[in-house]
Amino acid sequence: MLKPDTTLTSFIKQMQSRIVEIPPTRYVEPGDVKCFCGVDISYKTDRAAAAAVLWDIRSDEVVETKIVQGEPPFPYVPGLLFMREAPLMTAAVKALSKQPDLVLVDGHGIAHPRRAGLAVFVGLALDTPSIGVAKSLLVGKIGELKEGFAPILLNGSTVGFQVNVGRRRPLFVSPGYGVRLESIREILDRLGDGFPKVLLEADRMSRASLR
DNA sequence: GCGACAG
DNA sequence: ATCTTGTCGC
């Protein structure tokens, strides 16, 4: 896939910078999250597969899984991951027979150069609260660790947290759409420890569908 | 100008 | 993300 020219990338970045001006329809209350889903994408040459895994908090188990495959519509460009993954991800979530109260996305939310990472777009497109969960840092610096959480600082403000989970690699969590920074901790506590199982499952399923 | 750079 | 075998460790 060819790299888009500078005119196109700068235009996309301009529009991306402005989505932060769109206020969410509502902010989710951590206690209202009964059902959530995780979405991830895997690739195989010219094929991409997005998996949406619906999880019920009460039963603590997978409720449903949907896979949507297609051609990657855009190359990987740091900061513009949403152009490559958001379309298939949102399609996979929409394919679920029941819509989740919250979506966990493999990637960053507002912990992004323009505060508009993949998770922001997926949540906005679905008009559903979302949170970004990444395995590595894209921007910002890590602040002082406090109770397992260390703030991701960007231009003087906190845009997310580095979550230390035992001796494993830390997670980088940030709000996507319709989730307050202050709600992140409480929501995360309801999802169990370590890298969210629902995202591990989405990774397994999307990869398996390409074989 | 140079290095960094989610998946 | 993906290409790839064995290997160190719990």
Side-chain angles (χ1 to χ4, degrees), chain A residues 1-4 6 8-10 12-13 16-17 19-20 37-53 67-93 103-125 130-142 150-155 158-163 165-177 179 184 188 193-196 198-211:
Chain A
M1 174 141 273
L2 286 67
K3 190 173 71 174
T6 55
L8 179 57
T9 56
S10 66
I12 295 173
K13 288 180 179 178
Q16 182 179 31
S17 298
I19 74 106
V20 301
C37 92
V39 280
D40 189 24
I41 292 185
S42 290
Y43 300 88
K44 174 102 179 188
T45 58
D46 280 28
R47 208 68 193 160
V53 176
I67 303 288
V68 173
Q69 289 192 19
E71 299 241 334
F74 205 79
Y76 169 68
V77 177
L80 298 184
L81 182 61
F82 79 98
M83 289 292 290
R84 182 173 173 76
E85 305 199 328
L88 280 177
M89 279 191 169
T90 61
V93 176
V103 178
L104 252 49
V105 178
D106 193 321
H108 290 288
I110 64 172
H112 177 280
R114 291 170 289 285
R115 303 189 175 213
L118 175 61
V120 174
F121 285 87
V122 172
L124 180 62
S130 64
I131 290 178
V133 181
K135 308 177 197 67
S136 63
L137 200 58
L138 173 60
V139 288
K141 293 182 177 180
I142 303 304
I152 296 175
L153 276 19
L154 183 63
N155 301 317
T158 299
V159 293
F161 302 97
Q162 176 184 98
V163 183
V165 288
R167 104 191 95 181
R168 309 226 155 251
R169 300 198 55 174
L171 312 180
F172 299 88
V173 186
S174 60
Y177 175 81
V179 175
I184 292 289
L188 233 52
D193 305 305
F195 196 77
V198 71
L199 281 179
L200 290 177
E201 185 62 11
D203 177 59
R204 287 182 52 247
M205 298 303 280
S206 60
R207 195 170 317 197
S209 78
L210 290 173
R211 303 191 170 293

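All chains are named by letter (A, B, ...) in the order of the sequence lines, taking the proteins before the strands, and each is independently numbered beginning at 1. As a basis for the values below, the full set of heavy atoms in this structure was taken, side chains included, without hydrogen atoms, waters or symmetry mates.
- By the 4.5 Å heavy-atom criterion applied to side chains, A/Val122 and A/Ser130 are not counted as neighbours.
- Atom OH of A/Tyr76 is separated from atom P of B/dA4 by 14 Å (rounded to the nearest Å).
- Whole-Å rounding puts the A/Tyr43 OH to C/dT2 P distance at 9 Å.
- Taking atom CG on A/Asp40 and atom P on B/dG7, their separation rounds to 9 Å, with Å as the unit.
- Among the protein residues, A/Gly132 comes within range of no part of the nucleic acid, since none of its heavy atoms lies under 4.0 Å from any strand.
- Distance check, rounded to the nearest 0.5 Å: CD of A/Glu85 to CG of A/Asp40 gives 7.0 Å.
- Taking atom NZ of A/Lys13 as the reference point, atom P of B/dA6 lies 13 Å away to the nearest angstrom.
- Taking atom CG of residue A/Leu199 and atom P of nucleotide C/dA1, one finds them 12 Å apart after rounding to whole Å.
- Salt bridge A/Asp106/A/Lys135: present, at least one basic N to carboxylate O contact under 4.0 Å.
- Heavy-atom contacts from other residues, nucleotides or ligands closer than 6.0 Å to CZ of A/Arg169 number 12 or fewer.
- One finds a side-chain N or O of A/Lys135 lying less than 4.0 angstrom from the OP1 or OP2 phosphate oxygen of C/dA1.
- Within 4.0 Å (heavy atoms only), A/Thr45 reaches no atom of the nucleic acid at all.
- For the OP1/OP2 pair of B/dG7 and a distance below 4.0 Å, the side-chain nitrogens and oxygens of A/Ser136 include at least one atom meeting the criterion.
- Rounding to whole angstrom units, CZ of residue A/Arg207 and C1' of C/dA1 are separated by 9 Å.
- As rounded to whole Å, 6 Å separates atom P of C/dC3 from atom NZ of A/Lys44.
- The nearest whole Å value for the distance from the CG atom in A/Asp46 to the C1' atom in C/dA1 is 14 Å.
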